Protein chains: 2
Amino acid sequence: MEKYLSKIKKSPLFLGITEEELSRMLNCFGASIKKYETGEMIIRQGDVVSKIYMILEGSVYIEKDSYWGRRIIVQKLNELNNIALGLVASRNAESSISAVCHKSATILALNFNKCSSMCTNACSHHVSLIQNMFKILSKENIELLEKIENISQKSIRDKLLTFLSNESMKNKSSSFEINFNRQELADYLNIDRSAMSFEMSKLKSEGLIDFEKNKFTLFELP
Amino acid sequence: MEKYLSKIKKSPLFLGITEEELSRMLNCFGASIKKYETGEMIIRQGDVVSKIYMILEGSVYIEKDSYWGRRIIVQKLNELNNIALGLVASRNAESSISAVCHKSATILALNFNKCSSMCTNACSHHVSLIQNMFKILSKENIELLEKIENISQKSIRDKLLTFLSNESMKNKSSSFEINFNRQELADYLNIDRSAMSFEMSKLKSEGLIDFEKNKFTLFELP
DNA sequence: AAAAATCTGTTGTAATTACAACAAAAATGT
DNA sequence: ACATTTTTGTTGTAATTACAACAGATTTTT
């Protein structure tokens, strides 16, 4: 646990909390660390979730299994992101998503119910924590909205351009690297990989974008 | 304002708060009520939002304008729903969405910054309020995930069946009414209305579903 | 109650996309 | 350094979808 303390301290959830205080908090939340292998389920759709998770190493897919067959990758989460923050707030609610380990990952689990009624203890750290949780939740909201924007475009071309333009804005630069490989990007955008590759080449030949591996450049920014 | 008190009291945001306390809170938050006409903007994409809104009458579209032209309807919100709850948490962040009045609406605005640092005042009502806010935010998250599930299906048929199956589950019944007319549903599912109508008729003739106007019945539930 | 406007279902056609199959390139393991 | 596996790009074809145009039904207005 100590090994990860300085990393955890930098997480959005514990932002602004001192290392000594963090130690006490982790204790209070019954923190535990577990390693998962690729493909292992951290949360299963339908589970009643009572813990909050934080990714310390590796990456995790948020998936949704539909009754009608397909499995959808909603998000890919990386280091220091939280899983299921929203689920804990609505207590006893069944998880509407699954969290699946992508590349072998180290996950921190926090039992928030242990420090039961949040905020009865009005110490300043508690306030920080709650504000952090709000920020994370609302950031997640914004990311989901962004995904909806991306996949709501009519054509493959528009989906690509919208996604790239959003990435560019987030990176505040017309050159940036993306987190997905081609198949993952196609899954995220809900399109066929080969059709996407084709369209990407076309955009390149038209001089609208340039890319090499996962590094992209947008030329005609809106 | 008094006219709406009993309604506001039933809202998810103020759940569990007494009417007397509510009055005091509304005062503390500098509550104001405003009427909007169809098409009027309540929040404009890019605005820095510092107020939380609650719909008292009418309905509101949450829209996203893409740089690449299209306007996407992300959600349709009805009575007692909140707008921009998430935006207030991440202070000074520009709104990534627009809120547009659908049918002339009455909107309550609350200035949460007025009662600045939330939770310094550790009264029990404050705690309720914060817990309610968490629940609402996480419910919004879940709804966005559901929308992503719906529109991530491959075919029109699957989108329809997924949407209907989700509605059925939410209503805990195989018969239920939906909130959208055909064009709105098509917009929400990101498909062509006429193609959707065609597929709906097909599903009906195959005996999988039945519908009349906005009342639907699912026959072969998963 | 008639007229106008809106909403819904139906159809054919053009455009877009998914899919399969394969080749080239890159990454990984031995 | 070679072999193997994975990733990426390319192409043709089949399937799906968007679009336009229209008719019938329903709602709203006059």
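Below, chains carry the letters A, B, ... as their sequence lines are ordered, and counting in each starts from 1. Keep in mind that this is a model prediction, so the values were computed, not measured.
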Qualifying residues under side-chain hydrogen bond (donor to acceptor under 3.5 Å, both in side chains), relative to [X], sequence neighbours excluded:
X: B:E79; value: B:K7
X: B:N78; value: none
X: A:S175; value: A:T217

Tell me, which pairs form a salt bridge (Lys or Arg N to Asp or Glu O under 4.0 Å) where one or both residues lie in residues 163-176 of chain A, sequence neighbours left out?
-> A:E146-A:K170, A:E167-A:K170
If you fit an axis to the five pairs at each end of the helix from C:dA1-D:dT30 to C:dT30-D:dA1, how big is the angle between those two axes, to 10 degrees?
->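 Inter-axis angle at the termini of the helix from C:dA1-D:dT30 to C:dT30-D:dA1: 60°.
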At under 4.0 Å between heavy atoms, what does B:S197 touch on the DNA or RNA strands: base, sugar-phosphate, or nothing?
-> base
Interface polar pairs with nucleotides 4-6 of chain D, N/O, under 3.5 angstrom:
none

Whole-Å gap separating [atom2] ([N]) and [atom1] ([X]):
X: B:L160; N: D:dT16; atom1: CG; atom2: P; value: 15 Å
X: A:F180; N: D:dT7; atom1: CZ; atom2: P; value: 15 Å
X: B:L185; N: C:dT8; atom1: CG; atom2: P; value: 10 Å
X: A:E199; N: C:dT17; atom1: CD; atom2: P; value: 7 Å
X: A:F211; N: D:dT7; atom1: CZ; atom2: P; value: 17 Å
X: A:N181; N: D:dG9; atom1: CG; atom2: C1'; value: 14 Å
X: A:D187; N: C:dT17; atom1: CG; atom2: P; value: 17 Å
X: B:E184; N: C:dC7; atom1: CD; atom2: P; value: 9 Å

Just by modelled atom types, is the A:S95 backbone N or O under 3.5 Å from a matching donor or acceptor in the A:D47 side chain?
->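 Checked: no pair found.
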Is a side-chain donor or acceptor of B:T162 paired with a backbone partner of B:K159 at a separation under 3.5 angstrom?
->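 The answer is no, because no donor-acceptor pair under 3.5 Å joins these two groups.
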Using side chain to side chain contact (heavy atoms under 4.5 Å, CB included) as the criterion, list what pairs up with A:A109, not counting sequence neighbours.
->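 Partners of A:A109 under the side chain to side chain contact (heavy atoms under 4.5 Å, CB included) test: A:S32, A:K51, A:Y53.
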Could you tell me which residues satisfy salt bridge (charged side-chain N to carboxylate O under 4.0 Å, His left out) with [X], sequence neighbours excluded, listed by chain and number?
X: A:E177; value: none
X: B:R157; value: B:E199, B:E206
X: A:E184; value: A:K76

Using the closest heavy atom to pick a nucleotide of DNA chain C for each, name whichever of B:K202 or A:S155 lands nearer the 5' end.
-> B:K202
Any ring-ring contact (aromatic ring centres under 6.0 Å, His included) involving residues 184-215 of chain B? Give me the pairs, sequence neighbours left out, ordered by first then second residue.
-> B:F163-B:Y188, B:F180-B:Y188, B:F211-B:F216
Sugar-phosphate atoms are those with a prime plus P, OP1 and OP2; base atoms are the rest. Using that split, label each nucleotide of nucleotides 18-30 of chain D B, S or - for protein heavy atoms under 4.0 Å, 5' to 3'.
-> SBB------S---
